[in-house]
Every structure is written in C-alpha cells, then in structure tokens.
Amino acid sequence: MSRDHQTDLPQVQNGSSVQNYGNALDIYPLNCYYFGSKEAVPFKDETTSDRILRMKFNYDAHGLRTCVQAVMLVELFKHPHVLLLQARNSIYKLPGGRLRTGESDIQCLKRKLSSKLSAVGDCSAPDWEVGECLGMWWRPDFDALLYPYLPPNIKRPKECTKLFLVKLPESQKFTVPRNLKLLAVPLCQLHENHKTYGPIISGVPQLLSKFSFNIIES
C-alpha cells in the first residue's frame, strides 16, 4: 500500500505543544470494489398527500420517525466520492432507512446496508464499520422541510434523520437491486447542489470538512 497522497493536517502552536486539527480518513479507489445486482425492490407510488397521510398514521402509532443514513467514501480521479443510490434516474439517496421499534441506530444501519447492498443470504456479507454521527436533520411537521437543527419552538418533531460515517474496507462486493443504481459522486458536485441532491446530501461536504483524506493506492 502506498500513502503518497496523504494530506498533511494543519498545525497550530498551543503554548509549547503543537496540535493537529482534523481526523485522517483512509479511502480506497473505486476499482477496489465489485458490483453485482439482485432482485428489484418495489417502490411506493404515492402523491405528496398520500405520503403525509402515511407519516401521520405512523406517527400516531409509533411516535417520532427516526432514520439513519450512511456516508461511504471511495476515491476516483484523486478525489473523494460519496456512494449514492439512484432511483428512477432522478431520486438520489444515501443508503439507510427507518428504525424498527426497539432497534438502535447502529443495528438499523447495519441491517439496512446489508439488505440494500449485499446479496440475499450471503454468509460473507460485511460487518459494516459504523463510525461517528456526522449530523442530524429534523422535520418539524409532516409537510415541512428538513432542518439541520431542531427549531426551539418545536416540542414534538415528526422525523429525525441521522447521518453516520461508514468506513469501507480495502475491498468489498456490493449487490444492488436491479431497479437502483449505486453511483460514486464527487464531493465537488454535491457541494450546495440542493436542486439536484436535496439539502441533506448537498450538505455532506461541509460535514466532512473536519477530515483529511488519505488516498490509499493498492
């Protein structure tokens, strides 16, 4: 393994000591990973009003809806790329999903990653390395936009979405439903591109700004 592209972290003098700022994150080239397909998954065909009714029903039954999503990075053209799922050529999502009753954030994220990105019954499916929570987004009401903070006047939010860093190993096989595409999108394309990717995904580059990237060449 070569670390020729390791980025030096900025340093600042603090009395007699020198401190490094940021955390180093190893990312591997896209060609280290393998991709296959499996049976398609059904989509929910619903209008906005149908979605709001479904959210109200679920809220009455289970309370706050909590979702977890994975931020996974690979390298392509010497630049960090985020893995996104694409549906119907226009909908982009970070892999993840909704918590079941009694399930922890990490348990849910591992279950969702295995169900969406691993082969059914694959005994060699990875034990996903779920890292720190990068950020949280809140939906104050059923028909409201998501905010990267909980407004202080909101006492009963309807949805919380948490983003977790998931560190990929040196090599891995991804098996994706046939009606979904797994894309590697560069950070520079995501940055503040709300129109295409929405507020959560377009905000990922800012959440990753505290990291330096070690591009590992195999």
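The CG atom of L163 sits 11.0 Å away from the SG atom of C67 when rounded to the nearest 0.5 Å. Atom OH of residue Y33 and atom CG of residue L182 lie 11.5 Å apart, to the nearest 0.5 angstrom. To the nearest 0.5 Å, atoms CD (Q86) and CG (L183) are separated by 5.0 Å. Note that the CD atom of E75 and the CD1 atom of I215 stand 5.0 Å from one another [nearest 0.5 Å]. With values rounded to the nearest 0.5 angstrom, Q69 atom CD is found 11.5 Å from L134 atom CG. Note that CD1 of I201 and CG of L94 are 4.5 Å apart. Values are rounded to the nearest 0.5 Å.
Residues passing the salt bridge (Lys or Arg N to Asp or Glu O under 4.0 Å) test with E39, sequence neighbours excluded: none. Scanning for side-chain hydrogen bond (donor to acceptor under 3.5 Å, both in side chains) contacts around K110 gives D127, with sequence neighbours left out. Listed by chain and number, the residues in a ring-ring contact (aromatic ring centres under 6.0 Å, His included) with Y197 are Y92 (sequence neighbours excluded). Applying the side chain to side chain contact (heavy atoms under 4.5 Å, CB included) criterion to K93, with sequence neighbours excluded, gives I91. When the side-chain hydrogen bond (donor to acceptor under 3.5 Å, both in side chains) test is applied to T196, the partners found at least two apart in sequence or on another chain are N193. Checked against side chain to side chain contact (heavy atoms under 4.5 Å, CB included), P80 has the following partners two or more places apart in sequence or in another chain: I27, L187, F213. Contacts of S104 classified as side-chain hydrogen bond (donor to acceptor under 3.5 Å, both in side chains), with partners at least two apart in sequence or in another chain: Q107.
Among residue pairs with one or both ends in residues 96-107, those qualifying as salt bridge (Lys or Arg N to Asp or Glu O under 4.0 Å) are E103-R111, D105-K162; sequence neighbours excluded. Among residues at least two apart or in separate chains, ring pair (Phe, Tyr, Trp, His ring centres under 6.0 Å) pairs with a member in residues 133-160 are Y59-F142, Y147-Y149. Residue pairs that meet the salt bridge (Lys or Arg N to Asp or Glu O under 4.0 Å) test with at least one member in residues 134-156, sequence neighbours left out, are R139-E159. The salt bridge (Lys or Arg N to Asp or Glu O under 4.0 Å) contacts involving residues 177-188 comprise nothing, where partners must be two or more places apart or lie in separate chains.
Note on I216 and V166: same hydrophobic cluster, where clusters join Ile, Leu, Val, Met, Phe, Trp and Tyr whose side-chain heavy atoms are under 4.5 Å apart, directly or indirectly. M136 and V82 sit in two unconnected hydrophobic clusters of ILVMFWY residues. Membership requires side-chain heavy atoms under 4.5 Å apart, directly or through other members. In the hydrophobic clustering of ILVMFWY residues, with side-chain heavy atoms under 4.5 Å counting as a link, I200 and M55 come out apart. The same ILVMFWY cluster, assembled from side-chain heavy atoms under 4.5 Å apart, contains both L85 and L168. Side-chain heavy atoms closer than 4.5 Å link hydrophobic residues (I, L, V, M, F, W, Y) into clusters, and following such links, even through other members, never connects L64 to L146.
When side chains are defined from C-beta on, F174 does not count as touching S118, because their heavy atoms never get closer than 4.5 Å. Under the 4.5 Å side-chain criterion, counting only non-hydrogen atoms from C-beta, H191 is not in contact with Q189. Under the 4.5 Å side-chain criterion, counting only non-hydrogen atoms from C-beta, V71 is not in contact with L207. Between L117 and P95, the closest side-chain pair of non-hydrogen atoms falls below 4.5 Å. Within the 4.5 Å cutoff, side-chain heavy atoms of P157 are placed close to those of I154. With a 4.5 Å cut-off on side-chain heavy atoms, Q172 and W128 count as touching. At a threshold of 4.5 Å between non-hydrogen side-chain atoms, the residues L73 and L208 count as touching.
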### Message
Test side chain to side chain contact (heavy atoms under 4.5 Å, CB included) on T66 and T161; report intermediate values, then the result.
### Response
CA-CA 6 Å; T66 302; T161 298; over 6 Å; no
### side chain to side chain contact (heavy atoms under 4.5 Å, CB included) assessment of H62 paired with T101
CA-CA 8 Å; H62 306 290; T101 302; 4.1 Å; yes
### Task
Check the pair F77 / L30 against side chain to side chain contact (heavy atoms under 4.5 Å, CB included), numbers first and verdict last.
CA-CA 9 Å; F77 305 124; L30 182 63; over 6 Å; no
### Query
When you look at L190 and S202, which way does the side chain to side chain contact (heavy atoms under 4.5 Å, CB included) test go after all the steps?
CA-CA 5 Å; L190 298 178; S202 62; 5.5 Å; no
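Membership of an apolar cluster is not assigned to L145, as no side-chain contact below 4.5 Å to another ILVMFWY residue is traced.
Shortest non-hydrogen contact noted between C32 and S171 is O-OG, 3.0 Å.
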